[in-house]
Amino acid sequence: MSAIAVKLRSRSQAVRPDEELIAEVLGGETAAFAELATRYRGQVERLCQRFFSDREIVRDLSQESFIRAFAGLPKYRAEMPFGGWLRAIVANVCYDELRRRQRRPEELVADFGASEHAWMQLVNDATPEDIVEAAEQRREAHDLAHKLLDSLRPEDRMVMVLKETEGLSVSEIADLMGWSEAKVKIRAFRARQIMKKQAERILSARRARIAR
Amino acid sequence: MNCFEARKEFVSFWRRTMPEIQRVQFNTHLRECARCDRSFRIFALTAPALHSETEPETVEAAHRTAAPPHRPSVIRTPVRREPSSDTPWRAMTMALTMAAAAAIVVYLSIPARVTFEDALALENPAIDPVSYTVADNIFGQELFDQDLNVQQSVYDGPAANDSLE
């Protein structure tokens with residue numbers, strides 16, 4: 001039996017649980033972390049993509065998250081699933097990046113691109129089914145969504161993403177971010193109000209433009 | 001379907017996880033209720049970032065139109081966006097494909113960890129089991145040194161600052 005066949009056979013065996021891999025890493029078998037990283041890479045990148053549309057930034061933040069996870073593994077407590085623990089790390093990495101970017105002076109977006117205007121028009125006029133289908137194919141839909149979300153403060157955006165996308169409860173978000181539940185509720189309310197106001201303004205501007 | 005039920009289902013409709021019968025009811029309600037229809041369109045503006053599972057690679061060229069007159073936007077953002085183009089995405093896709101191919105070649109060239117049973121089954125049972133050394137880890141030796149100096153618990157999150165502002 002060739003060495004490659006042996007290797008493929010051993011690799012095709014049942015997926016090893018996270019706890020086993022973590023124990024191997026802590027025991028010095030650091031290659032096991034590569035398997036953990038491969039297993040969770042998609043999840044980590046998807047969460048980063050909720051905050052940033054730039055692929056380079058998503059890749060950098062994902063890498064940073066895994067580096068922090070590797071460095072912090074000795075502190076990992078088995079009572080919490082590894083995926084949940086890693087998500088907390090990713091959320092904090094993204095939050096730090098949002099705050100870092102927020103320190104720069106705000107810039108007015110000079111203009112929406114032509115493709116973004118076309119997308120806004122489609123959202124105004126098309127049927128809900130057509131909107132959903134078009135959003136899957138149009139990059140500008142994601143770009144515009146990120147522009148809207150960029151207008152939120154980092155804390156508001158964190159709460160919005162963790163609540164709306166990750167489905168976390170108020171208490172889970174409070175634990176994850178180290179905030180009080182009251183703060184999380186206020187942030188969630190404020191984020192929804194701001195998003196609604198911005199979106200109304202865009203859609204109303206589109207309708208007024210068409211009516212002229 | 002009433003308004004409360006319809007608005008609760010925006011996400012499942014967007015992600016296409018709604019059963020067909022319910023989907024029909026949802027569409028019917030949105031046709032009949034202007035307020036819910038408006039709410040859905042507002043939802044649709046942020047849904048691609050918040051609720052879509054994948055991001056499209058390219059801008060749909062067929063829908064590009066002439067640039068509108070310059071005017072300041074109502075949206076303020078700290079991040080300036082570059083105009084998108086197909087070429088960087090294609091180059092990136094090719095680069096990723098080549099990197100994946102290279103990784104597969106490297107992966108298969110790494111000696112297999114041979115168990116005792118496998119060693120017995122091999123024609124040459126004198127093969128030594130291979131163990132991975134510290135230097136082989138994907139992050140390099142430096143991270144081990146840093147690990148000893150980690151001060152802050154990444155699990156604890158940012159310093160608590162409960163001001164409601």
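This one's a predicted model, so the numbers in the text were calculated from it and none came from an experiment.
- Looking at A/Glu133, both its backbone and its side chain come within 4.5 Å of chain B, counting heavy atoms on both sides.
- Contact record, A/Ile131 with B/Arg41: CD1-NH1, 3.5 Å, taken as the closest heavy-atom pair.
- Between B/Ile42 and the options A/Gln198, A/Glu200, A/Met195, a side-chain contact (heavy atoms from CB on, under 4.5 Å) holds for only A/Glu200.
- Atom NZ of A/Lys147 sits about 15.5 Å away from atom OG1 of B/Thr46, to the nearest 0.5 Å.
- Interface residue A/Ala126: only backbone heavy atoms are found under 4.5 Å from chain B.
- In this structure, chain A has a heavy atom under 4.5 Å from the side chain of B/Leu30, while its backbone stays farther away.
- Counting only residues at least two apart or in different chains, salt bridge (Lys or Arg N to Asp or Glu O under 4.0 Å) contacts with residues 14-24 of chain B comprise A/Glu129-B/Arg23, A/Glu136-B/Arg16, B/Arg15-B/Glu53.
- Take B/Gln22 and apply the side-chain contact (heavy atoms from CB on, under 4.5 Å) test, not counting sequence neighbours, and it matches B/Met1, B/Glu9, B/Met18, B/Pro19, B/Gln25.
- The minimum heavy-atom distance linking B/His51 with A/Glu164 is given by the pair CE1-O, 3.3 Å.
- Across every non-hydrogen atom of A/His142 and B/Ala49, the tightest pair is ND1-N, 4.5 Å.
- A/Arg50 CZ to B/Ser52 OG: the interatomic distance, rounded to the nearest 0.5 Å, is 7.0 Å.
- Atom CG of B/Leu96 is surrounded by more than 12 heavy atoms from other residues, nucleotides or ligands within 6.0 Å.
- Contact record, A/Val123 with B/Ala44: CG1-CB, 4.4 Å, taken as the closest heavy-atom pair.
- If you take OG1 on A/Thr127 and CZ on B/Arg31, they are separated by 9.0 Å, rounding to the nearest 0.5 Å.
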